[in-house]
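Before any comments, here is the structure.
All residue numbers in this chain count up from 1 along the given sequence.
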Amino acid sequence: MKKLLIIVAVMLAIVFGIAPYFIGQRAETEFKNIYAQVDTIPEFKIEVTDYQRGWLSSTAVVELKLDLTELDPSVSEALVFKVQNDISHGPFLTDLDSMELGLVDMVMKLEFPELMLEELPNFNESFNDVLSIKNRMYFDGSMKAISVMQEFTLPEDNVNLVVNPATLEVSTTNDG
């Protein structure tokens, strides 16, 4: 009985200790493939500009560049939005809404273009405090996303516009 317990303990240590590294390798490949597939529209470019893979987690930066010169020739530069991704490797994931088996959980934070931040310097923090975006990718390529918007108030000319909280849940499958 002791041998069986030792064997089970060693197997669990191997699964929990080594699996996240190999899952992290696959996660990086799948993450980059998703954005490569999305990067097909000429008016904007999506690119993974940084990916730092760790043993149990990774970080990634995705840039969305909007070329507005077609709409307004006076605009000389593209608007660049950045998405910071904190990625937890599976097999056991807990960052979304429940513990499940899967490839990765991703928590995303959006950074707005410098042009916008000149007028609203604290907008990034305010936006990310109000909206949380989390995704889970499963081993079969399917995904689940949950976006939660907190209630907020927009003061405008002696009127307070209250925006109610909302939740958006989206699931996708690998077969389209």
Side-chain angles (χ1 to χ4, degrees), residues 24-54 57-89 93 95-97 102-138 141-174 176:
Q25 287 179 326
R26 179 166 172 218
E28 180 177 0
T29 301
E30 293 294 328
F31 185 87
K32 289 179 177 177
N33 283 342
I34 286 171
Y35 285 104
Q37 291 173 11
V38 174
D39 187 29
T40 58
I41 301 171
E43 289 77 25
F44 65 88
K45 178 154 184 59
I46 295 179
E47 179 181 14
V48 178
T49 58
D50 185 39
Y51 197 101
Q52 300 295 319
R53 183 167 32 96
S57 63
S58 300
T59 59
V61 177
V62 176
E63 287 188 358
L64 167 64
K65 295 179 183 175
L66 296 173
D67 182 8
L68 301 176
T69 56
E70 293 287 324
L71 299 172
D72 185 358
S74 68
V75 175
S76 60
E77 60 186 63
L79 291 178
V80 179
F81 294 83
K82 292 183 182 179
V83 180
Q84 302 286 339
N85 295 273
D86 291 323
I87 302 167
S88 300
H89 304 164
L93 301 171
D95 289 342
L96 200 59
D97 61 345
L103 187 62
V104 294
D105 272 351
M106 296 174 276
V107 177
M108 306 166 86
K109 293 195 185 275
L110 189 60
E111 291 181 15
F112 289 86
E114 291 297 322
L115 182 65
M116 291 176 68
L117 296 177
E118 289 172 5
E119 295 294 322
L120 303 164
N122 297 324
F123 189 71
N124 280 339
E125 294 81 20
S126 300
F127 180 84
N128 288 307
D129 286 344
V130 170
L131 183 67
S132 93
I133 304 169
K134 298 179 180 182
N135 295 300
R136 175 167 290 160
M137 182 184 295
Y138 297 97
S142 63
M143 293 184 74
K144 178 179 177 182
I146 298 177
S147 299
V148 177
M149 183 179 67
Q150 306 298 323
E151 180 179 294
F152 64 96
T153 303
L154 295 171
E156 186 68 36
D157 296 330
N158 299 328
V159 175
N160 285 329
L161 175 65
V162 177
V163 179
N164 289 330
T167 300
L168 173 67
E169 294 187 31
V170 178
S171 296
T172 60
T173 62
N174 195 26

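Put simply, the residue from T167, L131, I133 that forms a side chain to side chain contact (heavy atoms under 4.5 Å, CB included) with M149 is L131.
Rounding to the nearest 0.5 angstrom, the gap separating the CD1 atom in I46 from the NZ atom in K65 is 12.0 Å. Summarising the geometry, atom OG belonging to S132 is positioned 8.0 Å from atom NZ belonging to K109; distances are rounded to the nearest 0.5 Å. Atoms CD and NZ, on Q84 and K82 in that order, are 7.5 Å from each other to the nearest 0.5 Å. Taken to the nearest 0.5 Å, the CG atom of N85 stands 9.0 Å off from the OG1 atom of T59. Between atom CD of residue E111 and atom CG of residue L64 there is a gap of 13.0 Å, rounded to the nearest 0.5 Å.
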#### Entry: V104/F31 under side chain to side chain contact (heavy atoms under 4.5 Å, CB included): CA gap, chis, key distance, verdict
CA-CA 9 Å; V104 294; F31 185 87; over 6 Å; no

### Task
Applying side chain to side chain contact (heavy atoms under 4.5 Å, CB included), run through V162 and E151 and close with a yes or a no.
CA-CA 7 Å; V162 177; E151 180 179 294; 3.8 Å; yes

### Task
Decide side chain to side chain contact (heavy atoms under 4.5 Å, CB included) for L103 and R26; before the verdict, give the C-alpha distance in whole Å, the side-chain angles of both, and the deciding distance to 0.1 Å.
CA-CA 8 Å; L103 187 62; R26 179 166 172 218; 4.1 Å; yes

### Query
Going through the checks in order, is the side chain to side chain contact (heavy atoms under 4.5 Å, CB included) test met by I34 and M143?
CA-CA 11 Å; I34 286 171; M143 293 184 74; 3.8 Å; yes

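Counting only distance, with no hydrogens or angles, the side chain of D95 and the backbone of M106 share no donor-acceptor pair below 3.5 Å.
Across every non-hydrogen atom of A27 and Y51, the tightest pair is C-OH, 4.0 Å. For the pair H89 and S58, the tightest heavy-atom approach, listed with the atom from each and the gap, is NE2-OG, 2.7 Å.
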